[in-house]
Structures are given as C-alpha cells and as structure tokens.
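Letters A, B, ... mirror the listed sequences (proteins, then strands); counts begin at 1. In this text the structure is predicted, and so the values were computed from the model without any measurement.
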Amino acid sequence: MPYDHQAIERKWRQFYEDNKTFECDTRDFSKPKYYVLDMFPYPSGQGLHVGHPEGYTATDIVARKKRMEGYNVLHPMGWDAFGLPAEQFAIKNNVHPEEFTRKNIAHFKEQIKALGLSYDWSKEFATIDEDYYRWTQWIFVKMFENDLAYVSDIPVNYCEELGTVLANEEVVDGKSERGGYPVKRIPMRQWILKITAYAKQLEEGLKDLDWPKSTIEMQKNWIGESHGVEIDFAVKGTKESFQVYTTRVDTLYGCTYCCLAPEHPLVKKLVSPSQREAVLKYVEEASRKSDLARTSLEKEKTGVALGVTAINPINGREIPIYVADYVLGAYGSGAVMAVPAHDERDYAFARKHDLPIIQVLEGDISENAFTGDAKHINSDLADGLDIAGAKAVITKKLVELGKGREKVNYKLRDWVFSRQRYWGEPIPVAQTEDGKEHAVPVKDLPVVLPKMEDYRPAKDGKPPLSKAPKAWLETTYEGQKAVRETNTMPQWAGSSWYFLRYVDPHNQNVLADKELLDHWLPVDLYIGGQEHAVLHLLYARFYTRFLHDIGVLEAKEPFKRLYHQGMILGANGEKMSKSRGNVVNPDDIVRDFGADSLRLFEMFAGPLNESKPWSTSGLTGSRRFIERVYRLVEDFSDKFSDQNSGELDTSYHSLVKKVSADFEALSFNTAIAQMMVFINDAYKAKTIYRPYLEGFVKMFGCICPFVGEELFEKLTGKKGFDYEPWPTYDESKLKKDEVTIALAINGKGRDTLTLPVGASQEEAIEAAKKSEKAMKHMVGTIRKVIYVPGKILNIIVS
RNA sequence: GGGCCUAUGGCGGAAUUGGUAGACGCGAUAGACUUAGGAUCUAUUGGGCAUCCCCCGUGCAGGUUCAAGUCCUGUUGGGCCCACCA
C-alpha cells in the first residue's frame, strides 16, 4: 500500500484519543519526573501560524523520548486567552470577546491535535476560566497583603479624542499612532506591583539558569544593576540638601554643576523668584512630553538654571543647580552631579550653557568628553590614581564626612499592573467610602468579570467596568458599603504562573497542591519565542519567587532550562505577513503533505534556535524521506532478518548514539541527517536486522509520530511505541579495528591512512611512506612529526 | 551610542570543539526503468585547471600554531534587544 498520510493520521489520532495515551498521573512519583512545556499560545483569530509547530514539535520530540526512557512526563497545553486583540476584534465586529475567544480556542485545539503532538489534554485550561483566574486574583490578594501591590497616581498617555489611555508604543511624537490625535501625559490612578523589591534576587537568580546567553543578558540589562555612590549636596543658604547617584565618584572634583530631573520634588521648592516662571514653564513642557518623545527627539540638551547654588561636599566648591530633562526622574535619585570633562551628556550641556569644564583625568577633552581610564589630576587626594584607585579614596573620604555612601541601583521600575480595559481579570479590590482599598476576601474569589453589552472604554478615560451593572459595582467590605475596582489586570497576569497550575489543574482549594508543585517544579525544559526574553520570563520569575516566599512552593525559579525556537520566515527570507504575501497556512500543508512532513521539514531545515526560510522543495524532500522509510518497511520485508549479519552494526549503533545525544541537545537537524544516512545504508544492505529497523522507527517516530506508529505496528504487530524502551547502543560495536586518519605533509592534508587502532607513530610513518600521493611532497629531511592517534599524522620536512 | 548573536557551495545547512571543509537535504547534470515521468533507482556535483594530478577556497585584513571555519586583534555587512540609566 502506498503511503497515505490522511488515512494514517486519522487512524492514530483516534488511537491517541481512545487510549488517552499521553495522560500523565502527576501523583505517580515512582518514576523520575520530566516537565516539558511550551509557551502557551494566545488563540488569535488567524489560527495557527507555521511558526507554532516548530517549538511544539521540538518539545514533543523530547517528551516522547523521555517517556521511552522511563520518565513520568508532564507535557500540557493551555490558552493565554485574555488580552487586547480579542477585545479590539470584538468591538469592531460586535461580538463578545469571550465568544470570540472560545471559538478561537476550539480552532487552535483542532489544529494542534492535527499535528500529532503528545499533549496531556486532561490538564488543559484557559486563563479566562473562572476556575483559573480565581487563583490569578488570589495571588494578587496575597501580594496586596504583603505590601507588594499599591495604588499610585502616575502619568499615563491619555488621548481625549479616543477617550482612552494608550501604551507608550501607541504614542508617536506626542500623537496617537492611530488618528494622529494629541496625547497628554496626565496622572491617573494605577495599580502597581513592587517588582523592584525582587530586583536583587532576580538578578542573582540568573546565574543558576540553563538559559540562552542572550536572554540572560537581556534580563540583566533590564534589571540594570549598577554599583555606585550616593552623595549629599547641600543647597547654599538653606537647610535643604539633595542626593545624587553616580558610578563615577572618582570624577567628583570635576563636578561643575548639578542637574535635577523636572519631576524632582525640590525643583519647585528651591527655585529662585527670578527663575520661577522659566523653570515652571520648562517643567510643564517636559511633563507633557511622553517618555518616547522625550528620548526620540534629537539629543539636544535643554535645561534652565534654578538660580541657586549647591556645595560640592568634597571641596566646598559652589556650583549652580539646573533643571534638565536629560536627567531621568525615575532612575537613581533623579539628580546628577555633572562632570562635563568626563561625561558626554554633561559635556554637551555645559558647552551649550557655557558652563565651566574642569578636567580631572589626563586625556583630550578639546572635542569631546574623555571617558576612558587615566591618571587623575586636579583631584587633591586622588591625583595620580586610576579610576579604581580614585573611586576608593574618594568614597572613603565621603563616608568619613558622612556625605556619601555606596549604593546599588536598578533600572528596573515597578510594574504598572492595571489596564483600563474590559477583557482581563478584574483586580480583586473594593474601596470603602473612607477611600481605603481592601482586598476581596479569599473566600469571595473569584471576582467574576461581568457580562456586558457595552465594554468599550468610557469616554472620560475610566475603565469599561465603570459602566458595569450596579449590582456588580456595589459591594460591601466587612459590613461597610464599598465599590469594586474597575481596572483589570494585564495579559501578563495569567501567563505569570500558569506553569504551576498544570500540575494540579482542577484543585478547588489551593492554586496547586504543594506536594505536587514541589515534585514537578521547576519546569525541566521550556521552549518559546525570544520575544518573551524579558517581560514574560521576568514576570514569571517574580511570581515564582513571591509564591516561594509565602510558602506556596519550594522552587525559586520556574524554568530550569530555556530555549528559543527561531522564526519560520517566508520563502523570500522575510518575516511572514499578509502584506508581503508570503504566509503559509499549516492547514494546507497538513492536508496536502501531512503533519509528519511538516514536522520533519521544520526540524530538518536548520538549528532550532535560528530563523529559517520556508521552502516548498525542502518540504517535498521531507515528504520524500518519509516515503523512502515507508517503502523500506512496506516493500523490502524479504530483506528483514532476525539474525544479525552485522552488516548494519556500525551504522545503527552510531545512529542511536547520535540521535540520543542530539535530541538531548535539541539538535534535531543533525539527528535527522544521521537517520537519512542509516536509511541509505539500509537500502544498500543485503539483509536488515529487524530489531535495528524497530529501533530506528521509534526514534524516527518522535519526529514523525503518525507514520512512526504505523510502521511500528507493521514491524511488530504492537500498537503504540510511546512507552517502548528507548533504543540503546553498544559502544563496542562502534569501535572499529581500523581507523582512517589524515596524513599531512607540512600541515597540508595529502592523503588518508588506514591504520589499526592504537597504531604507534612508527607504524603510522611506515604506512605513510607507502602513500605515493604524500611522498611526492616529502622533499627534504624530516624535521618534525606530529602524530595524534586516530586523527592525524603531520610530517614536517624541509 | 551600548549589549548580544551571526557570516561556510547555486540554496538550507554539517564539521567529533584546533586535526582531510562542505555530512545530510534541496537544486542541477548524465544514465537506467517506463507508453510517459514532475515517481523510483544509479552516478557526478565548491571554484580553477594541464580533470582523479595540482592550485585556490569558510565576509575582509592581520596574528598565534606543526595544523585555524574553529583561538586572538582589528574591520565590514546582516539580525535582535536596550537606548540620555549618570
């Protein structure tokens, strides 16, 4: 029978359904555990993208291998289902986001099942399930109780025309991205999570993770730990002082002015009467610029003098104070000491405002600030020292004076956690009439998102839930009248802990049984896109550490090993998009070529972590290889033998060795190449030892499960290879009696030598002398011989 | 501006971590089978050339080494992230 992928897929999908083949008993601790997880998808209206199967196939291969190796494998799937796109689509098309999202989930699930992925569907949930978001809210309540959630008025981008708050990315040059309406920075009440309380832990925890280097770097960068010194500057003629933060305390003698951020509380307090008007105007203008506009405009350094003087604590020098928006209010203390000679920004500002420049390191400052390392000058006790030495003595002096202290700073800011949107988890808080915020008691969770006809943002910038029915809005807290919080959580909330719920998804009493969490966490292998290198992965780490701290689980880190799949690009090497017309629909591929061909192609196209262009001929090649394997089993059974002739020993045992190692390293393309070599050898062989073919089919079946199951049944009569033992290899079968090594003259490869294993240098040279090719180049006397057994014989002559 | 990654045939990519560069696949060429082949099988396939001999070849320029795609220095192009973080 020829290879009919549709019939085979139908048969084995049914088999998997009927037998619940991949259900995992998470309470079975008798076997070692392996938890392999995909980043759960956001079920968009477009359905599955051909990029999805790439990561999913990779984890599936590992899951299948681990099951055969005797692990109890947890391999679940679920849905990240709250979020803005569904809400926007629903508004546009006048449907309810839940209805729309549930439909998308059903579609995604069907598409994923068609791919032969070995998920345990009994663990499935969506973040929009009340049963799930009850615990998302519970975590928030615990954070609130632990002073990690607070409300604050912070500036947001508000667009009056659109009647809504916009994300930074939606604001371009002070105008809304859509419509081009003006956007104001106005303070608005927001819920904030104090992720900065975990900055240090999140930084330190990175060193124990088996994660891609680039992702670790990005997280480090985002957390932005910096070691420096905080210095007190007194304001002349007042009792006021302010702190500056610097990583270059060694340049303190070169400080010729100070700058405060426009948001700095002392600006309005300190400003001299004559400068008051100009300064207030400047501050007002700065506040109107969005963060984006403030940084994307040309790097011109603007600022206004406050008309007051500060005193440099190291030498008593009197210096002017400015307000300037190149100083960030949210970083450090919102104030800097300016050293124009050795900081490019200060240099530009000083030049523009005609401020003095004092050089304190040797170097050229005629055109630019000098920022390298050199001997200090004009620095009193630090003269002659390099940066490190000067930092040490100046810091010591400041500490003695009580005017400075070492300090660690982080770029990481607290997490704005509220959204003025409908399609998210309601924040489980109620406000009593005295204005106090109270967490909803745990027994009253979940706070169910009310069904609403009109869930558009309210015109005055208030969240859609402010239009919810009174019965929902009005509540009580310990007998007092209260109103519910109408902000919702961001999409991140549900994805920050979902990996915990899978171990115990139906638990009604706790978010998951601690015993199960402690057995299964951390996740052993987590695969997903690099676009989540910072936010999702950082939030998930934050949640896990918090939950550890309140005793929910022992693990401190959620994901032990992380890997990013690359993108599947269009055939033209560009990102797939409708406008480029290079989108490939996985449904078409599965229908015409089969899920196995799609899986094989995506794994063979190149290294998992690199982006690869789509290639129809590559897909055809994959299909061709499957047919070649299929034909071998179907049409050449007269070659099969239960006696091992030894013919395929080396080929098979090196195959098992390579595939075992490559699967572990997620190096699927090279594993597949080796499988092709084996099949080529098998075609050439006179007889094929049947157990070798069975072993091959089990490994091949991890990549192409449908045809793998079919062939395994044909070979063995048994249904389902999924819990069969993983093939083993015999190292002694790999050791040949002879090795082929390279023969080089003067470092240049000239020939190969076939030598007995363990041949001595003398034997090797004897053999080399028989090589005509090499002897041609052996002119002169032998100067040196380098012999690396099993690798190379290099003879140096002159 | 800073950080990280990357560069190998016509194409996707291998290379035991310093040891004959180009595994495997795609594409191409020739042949076999066939009514037919866009199926299958066999052979060849980095470039040059005096064609199985030799020379040149891993973005570019240097260096270390008996030996470099691999290590070091510099440089150019591509990708991703952060971006006035004091």
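- A donor and an acceptor atom never sit less than 3.5 Å apart when one is taken from the side chain of Lys411(A) and the other from the base of rC82(B).
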One pair to check against ring pair (Phe, Tyr, Trp, His ring centres under 6.0 Å): His376(A) and Tyr253(A). What are the steps and the verdict? CA-CA 10 Å; His376(A) 282 68; Tyr253(A) 284 92; 9.1 Å; no
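- No more than 12 heavy atoms of other residues, nucleotides or ligands sit less than 6.0 Å from atom NZ of Lys200(A).
- Atoms CG and OH, from Leu711(A) and Tyr3(A) in turn, are 9.0 Å apart once rounded to the nearest 0.5 Å.
- rA7(B) is paired with rU76(B) under the Watson-Crick or G-U wobble criterion, all donor-acceptor distances under 3.5 Å.
- Asn669(A) comes within contact range of the sugar-phosphate backbone alone, with a heavy-atom separation under 4.0 Å but no base atom that close.
- Atom CZ of Phe668(A) and atom P of rG13(B) are 17 Å apart (whole Å).
- Nearest nucleotide to the Phe604(A) side chain, out of rC26(B), rC82(B), rG12(B): rG12(B).
- Both distances falling under 3.5 Å, in either a Watson-Crick or a G-U wobble arrangement, occur for no nucleotide opposite rA50(B).
- Nucleic acid contact for Ile786(A): base, since at least one base atom lies under 4.0 Å from a heavy atom of the residue.
- Classification of Lys658(A) and Asp662(A) as a salt-bridged pair holds, one side-chain N sitting under 4.0 Å from a carboxylate O.
- Rounded to whole Å, the separation between the P atoms of rG77(B) and rC60(B) comes to 15 Å.
- For Phe625(A) and Phe700(A), the ring centers are positioned less than 6.0 Å apart.
- Between Arg624(A) and rG27(B) there is a side-chain polar atom (N or O) within less than 4.0 angstrom of OP1 or OP2.
- Across all strands shown, rC33(B) has no partner, as no Watson-Crick or G-U wobble contact with both distances under 3.5 Å is found.
- In rU17(B) the O4'-C1'-N dihedral to the base is within 90° of 0, which defines a syn nucleotide.
- The environment of Lys391(A) atom NZ is dense: over 12 non-hydrogen atoms of other residues, nucleotides or ligands sit within 6.0 angstrom.
- Here rC4(B) is the nucleotide among rG12(B), rC4(B), rA86(B) with the atom lying nearest to any side-chain atom of Lys213(A).
- Between the P atoms of rG22(B) and rG69(B), the separation comes to 12 Å (whole Å).
- Using C1' as the reference atom, rU35(B) and rU42(B) are 23 Å apart when rounded to the nearest Å.
- Atom CD of Glu610(A) is separated from atom C1' of rC80(B) by 13 Å (rounded to the nearest Å).
- Using a 4.0 Å heavy-atom distance criterion, Arg628(A) is classed as a sugar-phosphate-only contact.
- Going from the C1' atom of rG12(B) to that of rA39(B) covers 24 Å, rounded to whole Å.
- The C1' atoms of rU34(B) and rC11(B) are separated by 31 Å, rounded to the nearest whole Å.
- Residue contacts shown for Thr247(A) are limited to sugar-phosphate atoms, with no base heavy atom under 4.0 Å away.
- As judged by a 4.0 angstrom heavy-atom cut-off over every strand, Pro607(A) is placed among residues touching the sugar-phosphate backbone only.
- Comparing rC24(B), rA67(B), rC84(B) by their nearest atom to the side chain of Val677(A) picks out rC24(B).
- Pairing of rA21(B), defined by two Watson-Crick or G-U wobble distances under 3.5 Å, is not identified with any nucleotide.
- Nearest heavy-atom pair across Tyr322(A) and Gly303(A) is CD2-C, 4.4 Å.
- Within 4.0 Å of Val788(A), counting heavy atoms only, lies at least one base atom of the nucleic acid.
- One atom, CD of Glu225(A), and another, P of rA86(B), lie 12 Å apart when rounded to the nearest Å.
- Residue-level contact check: Ala744(A) touches neither bases nor backbone, having no heavy atom under 4.0 Å from any strand.
- Taking atom CE of Met337(A) as the reference point, atom P of rA86(B) lies 12 Å away to the nearest angstrom.
- Side chain of Ile792(A), nearest nucleotide from rC26(B), rG19(B), rA86(B): rG19(B).
- A close approach under 4.0 Å does not occur between any side-chain nitrogen or oxygen of Arg631(A) and OP1 or OP2 of rA39(B).
- The residue Gly332(A) sits apart from the nucleic acid: no heavy atom pair falls under 4.0 Å.
- Protein atom CD of Glu627(A) is 15 Å distant from nucleotide atom P of rG25(B), rounded to whole Å.
- In this structure, rU20(B) shows a glycosidic angle more than 90 degrees from zero, which is the anti conformation.
- Residue contacts for Asn680(A): at a heavy-atom cut-off of 4.0 Å it reaches the sugar-phosphate backbone alone, with no base atom in range.
- Searching all strands for a Watson-Crick or G-U wobble partner of rA15(B) with both distances below 3.5 Å returns nothing.
- Across all strands shown, Lys220(A) has no heavy atoms under 4.0 Å from either base or sugar-phosphate atoms.
- The separation between Leu608(A) atom CG and rG13(B) atom P is 13 Å, rounded to whole Å.
- Comparing rA86(B), rU20(B), rC24(B) by their closest approach to the side chain of Thr752(A) singles out rU20(B).
- rG27(B) shows a glycosidic angle more than 90° from 0 and is accordingly assigned anti.
- At rA86(B), one or more side-chain N or O atoms of Tyr331(A) fall inside 4.0 Å of OP1 or OP2 (strictly under the cut-off).
- On the P atoms, rG10(B) is 34 Å away from rG1(B), given to the nearest whole Å.
- What separates CZ of Phe625(A) from P of rC26(B) is a distance of 11 Å, to the nearest Å.
- Distance check on atom C1': rU8(B) versus rU70(B) gives 12 Å, rounded to whole Å.
- Taking the ring centroids of Phe668(A) and Phe604(A), they lie at or beyond the 6.0 Å cut-off.
- At the heavy-atom level, Lys612(A) lies nowhere under 4.0 Å from the strands shown.
- Nucleotide rG1(B) forms a Watson-Crick or G-U wobble pair with rC82(B), both donor-acceptor distances falling under 3.5 Å.
- Annotation: rA15(B) and rU58(B) have their C1' atoms spaced 11 Å apart (nearest Å).
- Each of Ala605(A) and Ile796(A) was assigned the nucleotide of RNA chain B with the nearest heavy atom; the assignment lying further toward the 5' end belongs to Ala605(A).
- Nearest-nucleotide positions on RNA chain B place Arg750(A) closer to the 5' end than the other of Val336(A) and Arg750(A).
- Distance check: Thr247(A) OG1 to Asn409(A) CG gives 10.0 Å after rounding to the nearest 0.5 Å.
- A 6.0 Å sphere centred on CD of Glu531(A) holds more than 12 heavy atoms belonging to other residues, nucleotides or ligands.
- Rounded to whole Å, the distance from CD1 on Ile223(A) to P on rG3(B) is 19 Å.
- The side chain of Leu328(A) lies closest to rA86(B), out of rC82(B), rA86(B), rC24(B).
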